[in-house]
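Below: the structure, in structure tokens.
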Amino acid sequence: MTRHDSLQSGRLPLVSVLATGGTIAGRSTRQGSSANYRSGVVSGDDLLAAVPGLSAAARLRSHQVANIGSEDMTSDVWLDVVRAAGRELDDPDVAGVVVLHGTDTMEETAVFLDCLLHHRKPLVMTGAMRPADAVSPDGPANILAAVQTAVCPAASDRGVLVVFNADIHAARRVRKTDSMAVNAFSSWGGPEGRVVDGEPVFFRPASSREGLPIFSMAGLDVLPRVDIIYGHAGQERGLVDAAVAAGAWGLVHAGVGMGNIHSAVRPALAEAVAGGVAVVCATRVVDGPVPLTEKIRRDGFIAAGFMNPAKARVLLQLALTRGDWTRGGIQALFDRYSLA
Ligand code: DAS
């Protein structure tokens, strides 16, 4: 039911809120501090009750899927969230879904949901940088803007969105770029839009989601192990060897610059590929892509494009759940998803 339908029927649209914890649900452990707090303490219901004006934006129902700091996110919680979100989006009475989530790994969960859900209705994630009992908490305004976006017809067909500090971001482009400020998120290529005085305004039309790497939830119970190796001056091969010995199916190398790899480490990654491990070359640099260079192709690696290491890891985990994966097939997924 869209807002238009709802207004015609005289009822506000219904938004389903899935709460998972985070700072937004946190309480300070030292009065007045926004750095000393416990995440995931306040319930979703209590968070919604604390937002002035929320009941004028939508009817709400909420489910507590988890109550954790998102630094503790696991693939089991991801699976719980994606199943709950899928159920809610399938309900014809629900206009849109809002997921309350810690900011630390929000971009990873956003990609996970974006790749598995193929509903046209909006799914909007939000959180907060300050705990619920801070002097000036940012959670209430973020929740209100997220709900306003979830009932907005123009937010449909855009995949998973992250609404934060009034900006509207697309899952595949958003990343956390400030560890403490309330405008913690930015997108390469700029945000999709902004919530202006309660009205979501989009700066570009919804792009076609056709051909995006939408994976199936059917039979998805476990995600394969994929580790991230961080590139740096003086790097040695030991961590690559240890990850392979620990059973990694895939590795994401957060290289320097354009995804470059220390010559002491490259042979270890090439050996991993020869042993059946998928290796994705990403970059530790905040902006800019890793293109498919001759060197990357020659060693059998995959170029991450615009996917940062954390998001590349999620995409690789999902790609490896397909038993018949090939290097070329995974490269095609990265190209389509990161450039769409
Ligand atoms: N406590 C962290 C988390 O849950 C930070 C936050 O939410 O802002 O991700």
Side-chain angles (χ1 to χ4, degrees), residues 15 17-18 20 22-24 70 73 78 81-82 85 96-117 119-129 138-139 141-209 212-213 282 286-289 304-315 337-340:
V15 170
V17 179
L18 305 177
T20 70
T23 297
I24 193 167
S70 77
M73 189 50 65
W78 274 349
V81 175
V82 77
V97 168
V98 168
V99 177
L100 306 181
H101 195 288
T103 59
D104 288 349
T105 59
M106 192 181 296
E107 68 211 58
E108 291 162 67
T109 304
V111 165
F112 184 74
L113 298 176
D114 200 37
C115 286
L116 284 165
L117 297 168
H119 299 74
R120 307 190 64 179
K121 296 174 187 174
L123 187 151
V124 183
M125 299 184 69
T126 197
M129 292 301 285
D138 52 329
N142 284 343
I143 291 173
L144 182 59
V147 168
Q148 288 163 336
T149 305
V151 298
C152 173
S156 302
D157 286 326
R158 292 179 183 270
V160 171
L161 298 171
V162 170
V163 169
F164 216 90
N165 200 40
D167 284 328
I168 307 171
H169 301 276
R172 60 185 176 277
R173 288 205 289 270
V174 70
R175 66 270 201 261
K176 189 172 182 180
T177 44
D178 196 300
S179 61
M180 288 194 77
V182 291
N183 61 340
F185 288 88
S186 61
S187 288
W188 57 265
E192 294 295 289
R194 174 172 290 195
V195 182
V196 181
D197 196 23
E199 286 296 329
V201 174
F202 287 91
F203 304 148
R204 51 176 86 104
S207 58
S208 163
R209 291 184 51 78
L212 281 181
V286 177
D287 271 318
F306 283 96
M307 292 293 100
N308 72 13
K311 294 162 89 164
R313 176 179 170 276
V314 180
L315 202 51
Y337 190 65
S338 108
L339 297 173

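For the side chain to side chain contact (heavy atoms under 4.5 Å, CB included) test with V162, the passing option among E107, M106, R173, H101 is M106; the others fail. Test V98, D114, L117 against L123 for side chain to side chain contact (heavy atoms under 4.5 Å, CB included) and you get one pass: L117.
Residues C152 and P122 approach most closely at O-CG, 4.0 Å, considering heavy atoms. Here the closest heavy-atom approach between residue T149 and residue A145 is recorded as OG1-O, 2.8 Å. The heavy-atom pair separating S156 from K121 by the smallest distance is OG-CA, 4.5 Å. Across all their heavy atoms, S187 and A170 have their closest contact at OG-N, 4.4 Å. Nearest approach of Y337 to A171, heavy atoms of both residues: OH-CB, 4.3 Å. Heavy-atom minimum distance, V163 versus A146: CG1-N, 3.9 Å.
Residues forming a side-chain contact (heavy atoms from CB on, under 4.5 Å) with A141 (at least two apart in sequence, or on another chain): none.
Separation of atoms CE (M73) and CD (E108) is listed at 9.5 Å; rounding is to 0.5 Å. One finds the CG atom of D104 at 4.0 Å from the NZ atom of K176 (value rounded to the nearest 0.5 Å).
You'll find the side chain of F164 reaches within 4.5 Å of the side chain of D138, heavy atoms only. Within the 4.5 Å cutoff, no side-chain heavy atoms of D167 are placed close to those of N183. In this structure the side chain of L116 reaches within 4.5 angstrom of the side chain of F112, judged on heavy atoms. The shortest side-chain heavy-atom distance between V314 and M307 does not fall under the 4.5 Å cut-off. Taking 4.5 Å as the limit, some side-chain heavy atom of R204 sits within range of a side-chain heavy atom of E192. Side-chain contact between R175 and S186: present, with at least one pair of heavy atoms (C-beta onward) separated by less than 4.5 Å.
Proximity of a side-chain donor or acceptor of R194 to a complementary backbone N or O of I168 within less than 3.5 Å is not detected. Side-chain atoms of D178 do not come within 3.5 Å of backbone N or O of F185 as any donor-acceptor pair.
Aromatic ring pairs are classed by plane angle as parallel below 30°, tilted from 30° to 60° and perpendicular above 60°; the pair F306 and W188 is parallel.
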Do V97 and H119 pass the side chain to side chain contact (heavy atoms under 4.5 Å, CB included) test, and can you show the C-alpha distance, the side-chain angles, and the key distance before you say yes or no? CA-CA 11 Å; V97 168; H119 299 74; over 6 Å; no
Carefully, step by step, assess V174 and K311 under the rule side chain to side chain contact (heavy atoms under 4.5 Å, CB included). CA-CA 10 Å; V174 70; K311 294 162 89 164; 4.3 Å; yes
Stepwise side chain to side chain contact (heavy atoms under 4.5 Å, CB included) test for T126 and L100: CA-CA 5 Å; T126 197; L100 306 181; 3.7 Å; yes
So T20 and S70, side chain to side chain contact (heavy atoms under 4.5 Å, CB included) or not? Walk me through it. CA-CA 8 Å; T20 70; S70 77; over 6 Å; no
